[in-house]
Amino acid sequence: MAELPKHYNPQETEDATYARWEESGYFNPDNLVKDGIADKDAEAFSIVLPPPNVTGTLHMGHAAMLAIEDTLVRYHRMRGKRTLWVPGTDHAAIATQTKVEKELYKKEGSTRHDLGREEFVKRVEAFAQESHDTIVNQVRKMGSSVDWSREAYTLDEARNVAVRTAFKKMYDDGLIYRGRRIVNWDPRMQTTISDDEIEWREERTNFYYLRYGPFTIATARPETKFGDKYVVMHPDDKRYKEYQSGQKLTLEWINGPVEATVIKDEAIDMELGTGVMTITPWHDATDFDIAERHNLDAEQIIDENGKLLSIAGELAGMHIKKARPLIVEKLKEKGLLERVDENYIHRIATNSRGGELIEPQIKQQWFVDVNKKFTLPTSNLKDIADGAEVTLKKVMQMAVKSGQIEILPDRFEKIYFHWIDNLRDWNISRQLWYGHRIPVYYCTRGNSEARSSNFETGCQKPIVSIEELNECPNCKGPLEQDPDTLDTWFSSGLWTFSTLGWPEQTADLDVYHPTNLLETGYDILFFWVARMILMSGYLLGDIPFSTVYLHGLVRDEAGRKMSKSLDNIIDPLTLIEKYGADATRLSLIIGAAPGSDVKLSEDKVRGYKNFTNKLWNISRFLLMNMEDYDPGAAVSFSKDDRAILDEFEKLAEEITKDIEAYRLYLAAEKLYHYAWHTFADTILEASKPVLQDEAARAARQHVLATTWKNTLKLLHPFVPFVTEELWRTMPGDKRDLLMVETWPHQPHA
RNA sequence: GGGCGCUUAGCUCAGUUGGUUAGAGCGCAGCAUUCACAUUGCUGAGGUCACAGGUUCGAAUCCUGUAGCGCCCACCA
């Protein structure tokens with residue numbers, strides 16, 4: 001038996017250990033079955049890796065995610081289950097495209113339009129590939145036991161088929177429609193974004209009270225007011241009962257007299273200001289809704305670059321930022337400005353990916369209708385019968401309300417329901433070039449404005465196709481594909497089953513779907529988790545996973561978010577190099593209850609590095625006292641021997657319970673305490689004289705060897721590298737790899 | 001405006017359905033040096049469990065209120 005070095009040096013062994021795991025093939029459950037490690041009809045345990053964005057490198061949040069998921073996966077694998085963890089990456093359309101556009105502008109001074117669509121997409125693909133390789137390397141460094149043979153990308157060929165299939169089915173069921181609606185337009189990125197991608201900020205601005213005929217109206221955005229020709233008040237407002245709905249008034253406005261129409265609508269807050277407002281349906285969501293209800297005209301004031309249109313008269317062509325003070329000046333001159341409130345707090349919408357101001361615009365876009373009824377032919381959803389008529393909203397609600405999906409911590413279930421209650425139709429089209437192109441074609445024969453026509457008859461209808469089309473299937477005429485791409489979450493929503501082969505009815509889909517667990521950050525509960533429930537519910541009539549485990553954010557030691565501007569980012573790879581992957585993993589698991597943020601400091605990681613060294617030295621001590629150990633010899637245990645074995649049994653039971661209940665932080669802490677302060681400080685110290693005693697030595701050797709081996713098993717999911725390395729040195733019966741050893745406690749036995 | 005959460009030792013956090021003197025890690029103080037490990041061991045100091053009421057034989061734990069911090073949602077023009 002070789003003697004171990006005095007200290008544990010993770011750098012020397014981690015990569016080789018990972019290579020041994022990978023070469024064994026046991027990350028792939030098919031091999032577990034083939035080699036008899038898992039029974040061929042053993043229970044399955046499957047999770048998908050939330051695919052990291054190919055926008056660069058992994059951060060501490062990813063490291064936390066990998067640590068938690070790998071711990072659970074390794075536990076279930078040791079429990080003898082057919083365990084599958086599917087890896088992959090996400091094309092993250094808007095984030096990736098923005099990143100490449102920025103670099104392009106910085107390095108070459110050119111825009112995507114200078115390159116053209118095809119060339120630009122090539123550049124993005126090259127960047128994505130590079131990021132992908134970096135990410136894959138980092139995933140390995142963390143020790144993640146993912147099945148690389150099943151790796152997927154949200155934008156690869158197989159996923160494209162899934163996306164087009166899903167789109168077509170939804171379109172055919174009337175759940176996807178194209179419509180002119182008010183959307184969130186980012187003038188800088190030149191694309192729309194969904195409601196969820198908006199980040200609201202508060203800003204102190206001037207609030208202008210303007211004379212509008214006999215009324216006073218108020219606005220923070222006078223530059224939108226040129227075209228206002230509807231004046232709206234609440235139907236119950238007694239102050240304005242002399243005005244009738246539909247009544248016309250001629251009054252003096254910014255660029256001369258206008259004919260205004262009185263509208264009565266209950267959306268108006270009588271308490272607020274004067275209780276009267278004018279509306280700008282083209283550039284405000286509330287106003288748009290009012291206009292829709294009363295069938296009013298909408299006029300565009302601001303163009304897609306944020307500049308005023310001809311309606312602004314002499315200010316046409318000017319950017320709204322510049323124009324505002326000039327408009328105010330003009331209003332003042334005309335005597336239309338009554339007063340200004342200078343301390344008004346205005347909420348402004350910005351793009352959460354890039355921070356640019358959002359300018360609402362009316363645009364032709366594709367939407368998913370979340371309130372439209374459809375029939376679910378077959379349903380595995382609890383409380384929804386085969387053939388039931390439901391809506392997407394209802395599917396999302398029922399999956400959680402019925403208890404079929406459990407969200408941890410459970411307070412997020414409330415947040416989830418609240419979000420669904422407020423959910424509006426999902427804008428899925430993006431004016432980006434990187435992403436799944438919308439699988440819709442327009443026949444352009446005799447129809448030069450194909451995309452803006454209303455598609456009533458024949459081949460003037462849009463053609464939705466799973467296969468790529470080159471000519472119109474009706475008239476063989478030329479086709480034009482919709483230039484837009486899909487919201488990245490449309491493809492991510494399919495992730496649990498698109499990675500398993502859907503739309504093919506594969507064996508993987510049969511065995512591993514629904515997945516058991518979805519572990520991700522709480523910040524993407526709506527973006528992703530909800531969309532997966534929607535897609536799986538609709539396309540499969542099933543849940544995508546039965547448990548959702550939401551981890552918190554990894555913050556710096558002062559509790560601040562890690563960000564470039566604060567320069568407080570800790571790179572997981574740096575930590576791994578300095579302290580080892582095991583110490584890094586433990587520091588992200590201990591003290592991290594689901595849903596709560598973790599504060600990370602290097603001190604914490606250093607502490608766990610010491611712990612891995614302690615484990616090393618426990619083994620070292622044991623080996624030094626095992627030269628004459630005969631694992632097969634019959635021994636009789638003393639009372640103390642039995643006490644050690646009993647105590648371990650209790651520990652194993654507790655750890656198992658904690659892991660089953662997703663209390664990883666508790667399990668890890670208990671193991672830490674047991675290994676260090678019970679096994680090393682108490683049991684080993686007490687064993688030193690016992691090992692000197694000829695009569696008691698053999699039994700104690702046996703107790704220490706078996707207990708320590710079992711402790712390594714319990715520890716393995718948390719600190720896989722050091723335990724795997726130590727496993728090689730342990731005497732007695734064992735499998736080659738600790739990774740596929742049997743868990744030392746069977747629950748429900 | 002609506003909703004949710006947090007507040008326990010200097011710091012980071014446990015405390016699983018209310019039950020004996022409230023725990024851990026880090027940090028701090030003292031002691032120990034060729035013992036598996038100084039990346040160590042032993043000992044110790046340190047808490048009116050945010051505050052005020054209430055329920056109970058018994059409350060860090062349940063209820064009500066207050067304060068501070070944080071998060072989510074929302075069409076106050």
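Keep in mind the model is a prediction, meaning the values are calculated, not measured. Every heavy atom of this structure was used, including side-chain atoms; hydrogens, water molecules and symmetry mates were not. Numbered from 1 within each chain, the chains take letters A, B, ... in sequence-line order.
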Distance check, C1' atoms only: A52(B) and A67(B), in whole angstrom units. 11 Å

Counting distance alone, no hydrogens or angles: does the base of C4(B) have a donor or acceptor under 3.5 Å from a partner atom on the side chain of K414(A)? no

Quote, to the nearest angstrom, the C1' distance that separates A36(B) from U40(B). 10 Å

Regarding I268(A), tell me which of base, sugar-phosphate or nothing describes its non-hydrogen contacts under 4.0 Å with the strands shown. base

Side-chain (R700(A)) to main-chain (D693(A)) donor-acceptor, under 3.5 angstrom: no

Whole-Å P distance, C28(B) and U21(B): 32 Å

With no hydrogens and no angle check, is any side-chain donor or acceptor of Y230(A) less than 3.5 Å from a backbone partner on D287(A)? no

Sub-6.0 Å ring centroid separation between Y608(A) and Y672(A): yes

With sugar-phosphate meaning primed atoms plus P, OP1 and OP2, does D269(A) contact a base, only sugar-phosphate, or nothing at under 4.0 Å between heavy atoms? base

Phosphate OP1/OP2 of G15(B) contacted by Y665(A) side-chain N/O (<4.0 Å): yes

Rounded to the Å, how far apart are K688(A) NZ and U40(B) C1'? 11 Å

Judged by nearest nucleotide, the residue sitting upstream toward the 5' end of RNA chain B, K561(A) or M270(A), is K561(A)

Tell me what R347(A) touches on the nucleic acid: a base, only sugar-phosphate, or nothing, going by heavy atoms under 4.0 Å. base

Taking only the C1' atom of each, what is the distance from C37(B) to C42(B) in whole angstrom? 15 Å

At less than 4.0 Å, is any side-chain N or O atom of K6(A) found next to OP1 or OP2 of U34(B)? Yes or no. no

If I pick the C1' atom on A59(B) and the same atom on G18(B), what distance separates them, to the nearest angstrom? 6 Å

For I415(A) and G2(B), what is the distance between atoms CD1 and C1' respectively, to the nearest whole Å? 13 Å

Would you tell me if any nitrogen or oxygen in the side chain of K599(A) comes within less than 4.0 Å of OP1 or OP2 on U12(B)? yes

Please tell me whether Y243(A) and F215(A) form a close aromatic pair, meaning their ring centres lie under 6.0 Å apart. yes

If G23(B) has a Watson-Crick or G-U wobble mate with both distances under 3.5 Å, name it; if not, just say none. C13(B)

Counting any heavy atom closer than 4.0 Å, what does H283(A) reach on the DNA or RNA strands: base, sugar-phosphate only, or nothing? nothing

Regarding F611(A), tell me which of base, sugar-phosphate or nothing describes its non-hydrogen contacts under 4.0 Å with the strands shown. nothing

Does a nitrogen or oxygen in the side chain of N617(A) sit under 4.0 Å from OP1 or OP2 of U40(B)? no

Is there aromatic stacking of H7(A) on U39(B) here, judged by a ring-centre distance under 5.5 Å and a plane angle under 30°? yes

Between C62(B) and G46(B), how far is it from one C1' atom to the other, in whole Å? 30 Å

Below 6.0 angstrom between ring centroids: does that apply to F367(A) and W426(A)? no

Residue matched to G41(B) through Watson-Crick or wobble contacts both under 3.5 angstrom: C31(B)

Would you classify R663(A) as touching base, sugar-phosphate or nothing, given that sugar-phosphate means primed atoms plus P, OP1 and OP2, and contacts are heavy atoms under 4.0 Å? base

OP1 or OP2 of G41(B) under 4.0 Å from side-chain N/O of W676(A): yes

Give a yes/no on whether any side-chain N or O of H673(A) is located under 4.0 angstrom from OP1 or OP2 of G23(B). no

By the 4.0 Å heavy-atom rule, please label E557(A) as base, sugar-phosphate, or nothing. nothing

